[in-house]
Amino acid sequence: MLHIKWELQLKNMWKFPGGLSEPGEDIGDTAVREVFEETGIKSEFRSLLSIRQQHTHPGAFGKSDMYIICRLKPYSFTINFCQHECLRCEWMDLSDLVKTENTTPITSRVARLLLYGYREGFDKIDLTMEELPAVYTGLFYKIYHKELPDSYKTMTGMD
């Protein structure tokens with residue numbers, strides 16, 4: 001059965017591990033680092049699931065805030081959580097998380113999204129990452145989108 005990592009913060013609500021990106025740090029690398037720092041769980045980036053955009057966020061230094069939710073694959077399962085950031089941290093079944101009222105609105109929504117992906121296929125919800133060459137010689141960028149069928153990846157003209 002699928003389990004997802006959640007933590008209990010000072011407001012006594014279950015939420016995702018998370019935090020700020022370091023300058024030049026990729027989205028997936030930030031998610032993996034933050035999950036490890038807060039929970040002790042080693043993981044690998046799988047996909048981008050959701051983006052929350054919020055203006056006038058109190059902790060965003062006067063800027064608009066983008067909160068990016070990623071799906072990770074855990075490589076370790078033993079929890080060693082940061083007691084400075086969490087009151088509790090535990091594995092929780094998605095079906096239980098969907099039913100609990102002790103969550104933030106985004107946690108509740110994304111739990112339902114993950115449960116849908118788990119039951120119907122993550123291809124229905126994942127935004128995958130692909131690295132492509134930039135127009136600047138020797139540079140690359142990462143693009144996140146729904147997976148294209150192979151026939152569209154190699155398409156050279158209109159058929």
Side-chain angles (χ1 to χ4, degrees), residues 1-132 141-148:
M1 188 163 281
L2 181 68
H3 293 86
I4 299 294
K5 174 64 60 197
W6 306 95
E7 56 189 77
L8 195 60
Q9 289 285 334
L10 297 176
K11 294 183 180 179
N12 208 27
M13 297 183 78
W14 292 104
K15 66 172 279 304
F16 295 104
L20 300 174
S21 290
E22 300 294 336
E25 186 176 42
D26 288 330
I27 293 167
D29 295 338
T30 299
V32 167
R33 178 182 53 77
E34 285 290 340
V35 166
F36 180 74
E37 287 176 2
E38 294 182 17
T39 68
I41 301 294
K42 293 180 181 177
S43 61
E44 172 186 300
F45 174 81
R46 298 309 299 260
S47 71
L48 191 145
L49 290 176
S50 175
I51 299 172
R52 182 211 68 204
Q53 180 181 27
Q54 183 176 350
H55 305 291
T56 65
H57 185 281
F61 314 105
K63 309 287 184 191
S64 293
D65 182 56
M66 302 289 280
Y67 183 69
I68 300 170
I69 310 263
C70 299
R71 184 168 69 87
L72 306 178
K73 177 182 179 180
Y75 284 123
S76 62
F77 297 90
T78 302
I79 297 168
N80 184 17
F81 70 93
C82 176
Q83 295 180 354
H84 298 292
E85 297 195 45
C86 313
L87 295 175
R88 280 180 38 211
C89 185
E90 63 185 60
W91 290 104
M92 185 180 290
D93 188 278
L94 279 174
S95 298
D96 294 335
L97 184 61
V98 165
K99 294 176 200 167
T100 187
E101 293 179 16
N102 239 8
T103 64
T104 63
I106 195 166
T107 299
S108 179
R109 173 61 58 92
V110 173
R112 286 167 172 75
L113 181 66
L114 284 165
L115 191 58
Y116 172 66
Y118 180 67
R119 290 178 175 169
E120 305 296 327
F122 285 111
D123 62 309
K124 299 210 182 329
I125 64 169
D126 283 346
L127 297 178
T128 59
M129 183 276 296
E130 186 175 353
E131 191 170 77
L132 298 175
Y141 62 88
K142 293 182 178 176
I143 184 169
Y144 298 84
H145 58 79
K146 296 284 290 172
E147 187 69 31
L148 283 173

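- Remark: the backbone N or O of Glu34 is not paired with any side-chain donor or acceptor of Glu37 at under 3.5 angstrom.
- Contact of the Val35 side chain with the Leu72 side chain is registered, since non-hydrogen atoms from C-beta on lie closer than 4.5 Å.
- Listed here is the closest heavy atom pair of Gly28 and Tyr144: N-OH, 4.4 Å.
- Judged by distance alone, with hydrogens and angles left aside, the side-chain atoms of Ser43 form no donor-acceptor pair with the main-chain N or O of Phe36 at under 3.5 Å.
- Ion pairing of Asp126 with Arg71 is present here, as a side-chain N (NZ or NE/NH1/NH2) and a carboxylate O approach within less than 4.0 Å.
- Contact of the Lys15 side chain with the Thr103 side chain is not registered, since no non-hydrogen atoms from C-beta on lie closer than 4.5 Å.
- A donor atom on one side chain and an acceptor atom on the other are found under 3.5 Å apart for Thr104 and Thr107.
- Side-chain atoms of Ile41 and Trp91, non-hydrogen and from C-beta on, do get closer than 4.5 Å to each other.
- No donor-acceptor pair closer than 3.5 Å links the side chain of Ser47 to the backbone N or O of Leu127.
- By the 4.5 Å heavy-atom criterion applied to side chains, Ile27 and Ser21 are not counted as neighbours.
- In terms of modelled atom types and a separation under 3.5 Å, the side chain of Thr100 and the main chain of Asn102 share a donor-acceptor contact.
- The line from CG of Leu97 to OG of Ser108 is 7.5 Å long, rounded to the nearest 0.5 Å.
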Full working for side-chain hydrogen bond (donor to acceptor under 3.5 Å, both in side chains) between Gln54 and Tyr67: CA-CA 8 Å; Gln54 183 176 350; Tyr67 183 69; over 6 Å; no
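- Distance alone, capped at 3.5 Å, is enough to place a donor-acceptor pair between the Lys146 side chain and the Asp123 backbone.
- Among residues two or more places apart in sequence or in another chain, the side-chain hydrogen bond (donor to acceptor under 3.5 Å, both in side chains) test is passed with Asp29 by none.
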